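A quick note: this is a predicted structure, and the numbers were derived from the prediction, not measured. In what follows, chains are A, B, ... by sequence order, proteins preceding strands, each numbered from 1.
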Amino acid sequence: MATSKLQALWNHPAGPKTIHFWAPTFKWGISIANVADFAKPPEKLSYPQQIAVTCTGVIWSRYSTVITPKNWNLFSVNVAMAATGIYQLSRKIQHDYFSEAEAAVAKEQ
Amino acid sequence: MMFIVKDFFTSLSPSIFDFASPVIFSFFGDLLSEVLERKQLFSMAAFFRAFLDSPVGPKTTHFWGPVANWGFVAAGLADMEKPPEMISGNMTGAMCVCSALLMRFAWMVRPRNYLLLACHASNETVQLYQLSRWAKGQGYFLSEKMEETKSQ
């Protein structure tokens, strides 16, 4: 019974024999790279790149549900991309626009 | 004029047809089939209407997904002049791998998505260049002699 289920997964139209599996699998690399960049100081983040990551994640989450074959692997990876992109953007915006008051206070002291 | 256009498109072999100019054919693919079925497009208005109503046109997410991915190309181009220390080796490397795979994905997905293919072909180029800039900044391309003279 287990082998037939595994076989069904193996032969799935979006399964490991197809690009529909490996493209999203490697796309996790982008989210993992972004998570690794959580430790980077916000000055070194790139606004254009993080905006691109966020927009891609949001739009592709919808795209992955209307293509043939429907690809939940792709859906999940794009949701993660949007999440990491939003977090990085919030870090950079907070550093650029909302920590000025703290820096001014530190200078005065 | 339209017969010249028709001969140009139909005289090419299928493989050249598919790889020659994916950006153009992403929009013209459905329009071409209309032309070949003798529904000739005489006006710009008819041309744009066909584009707007296309199953991979701007009313569908099959269009906006690839448009979003052009953001990566734009971001890569915007970062061309920035110092290499600002390039993220992680992200750039990951994108080089992913764009190669997504080119194949765009080819195999249904409906076939030429716009996505064009996008990731460009992104692959841009990200490989940025990766080379990053690697040079990290010192990967220095020969041993140059490293000795640097350390002296």
Side-chain angles (χ1 to χ4, degrees), chain A residues 13-14 17-71 73-75 77-78 80-82 84-85 88-89 92, chain B residues 55-56 58-113 115-117 119-120 123 126-127 130-131 134 137:
Chain A
K17 287 197 264 187
T18 72
I19 187 69
H20 302 286
F21 177 83
W22 293 107
T25 305
F26 276 95
K27 210 167 181 184
W28 277 106
I30 294 182
S31 296
I32 292 167
N34 222 3
V35 168
D37 285 348
F38 282 175
K40 260 191 159 183
E43 301 88 23
K44 292 219 167 170
L45 296 176
S46 160
Y47 269 127
Q49 195 173 59
Q50 295 302 331
I51 291 171
V53 167
T54 307
C55 290
T56 293
V58 169
I59 295 177
W60 273 67
S61 304
R62 161 69 179 157
Y63 180 67
S64 57
T65 59
V66 298
I67 52 173
T68 310
K70 217 174 202 181
N71 204 326
N73 193 7
L74 192 62
F75 177 77
V77 74
N78 282 292
M81 269 180 81
T84 60
Q88 291 283 54
L89 277 175
K92 193 160 168 77
Chain B
V56 288
K59 290 191 206 171
T60 72
T61 189
H62 299 286
F63 178 83
W64 294 106
V67 166
N69 276 160
W70 277 104
F72 285 124
V73 183
L77 291 172
D79 288 347
M80 281 287 187
E81 301 300 321
K82 282 194 186 160
E85 296 79 36
M86 283 197 70
I87 300 176
S88 164
N90 294 331
M91 282 286 269
T92 312
M95 272 202 244
C96 290
V97 173
C98 288
S99 274
L101 289 170
L102 283 163
M103 281 166 67
R104 170 70 178 164
F105 175 81
W107 187 253
M108 295 305 290
V109 80
R110 295 291 174 263
R112 185 165 276 174
N113 206 322
L115 187 59
L116 190 68
L117 179 65
C119 167
H120 283 288
N123 197 35
V126 169
Q127 298 298 333
Q130 293 285 41
L131 192 67
W134 170 82

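- Other residues, nucleotides and ligands place no more than 12 heavy atoms under 6.0 Å from the CZ atom of Phe26(A).
- Interface check for chain B: of the options Gly57(A), Ala52(A), Cys55(A), the most heavy-atom pairs under 4.5 Å are formed by Ala52(A).
- Neither the backbone nor the side chain of Ala74(B) comes within contact range of chain A; no heavy atom of the residue lies under 4.5 Å from a heavy atom of that chain.
- Of the atoms belonging to Val58(A), not a single heavy atom falls under 4.5 Å from chain B.
- A donor-acceptor contact closer than 3.5 angstrom links the side chains of Asn113(B) and Tyr63(A).
- The neighbour count for Lys82(B) NZ, taken as heavy atoms of other residues, nucleotides or ligands under 6.0 Å away, is above 12.
- The candidate from Gly71(B), Ala94(B), Pro83(B), Pro66(B) with the greatest count of non-hydrogen atom pairs under 4.5 Å with chain A is Ala94(B).
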key: Criterion side-chain hydrogen bond (donor to acceptor under 3.5 Å, both in side chains) on Asn78(A) and Ser61(A), from CA distance to verdict   = CA-CA 5 Å; Asn78(A) 282 292; Ser61(A) 304; 5.6 Å; no
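- Contacts of Leu45(A) with chain B are made by backbone atoms alone, with heavy-atom separations under 4.5 Å and no side-chain atom involved.
- For Thr84(A) (side chain) and Met81(A) (main-chain N/O), a donor-acceptor pair under 3.5 Å exists by modelled atom type.
- In the model, Ser46(A) has a side-chain atom that pairs as donor or acceptor with a side-chain atom of Asp79(B) under 3.5 Å.
- For Leu77(B), no part lies near chain A; criterion is any non-hydrogen pair under 4.5 Å.
- Both the backbone and the side chain of Val109(B) have a heavy atom closer than 4.5 Å to some heavy atom of chain A.
- Residue contact with chain A, scored on non-hydrogen atoms closer than 4.5 Å, involves the backbone and the side chain of Asn69(B) alike.
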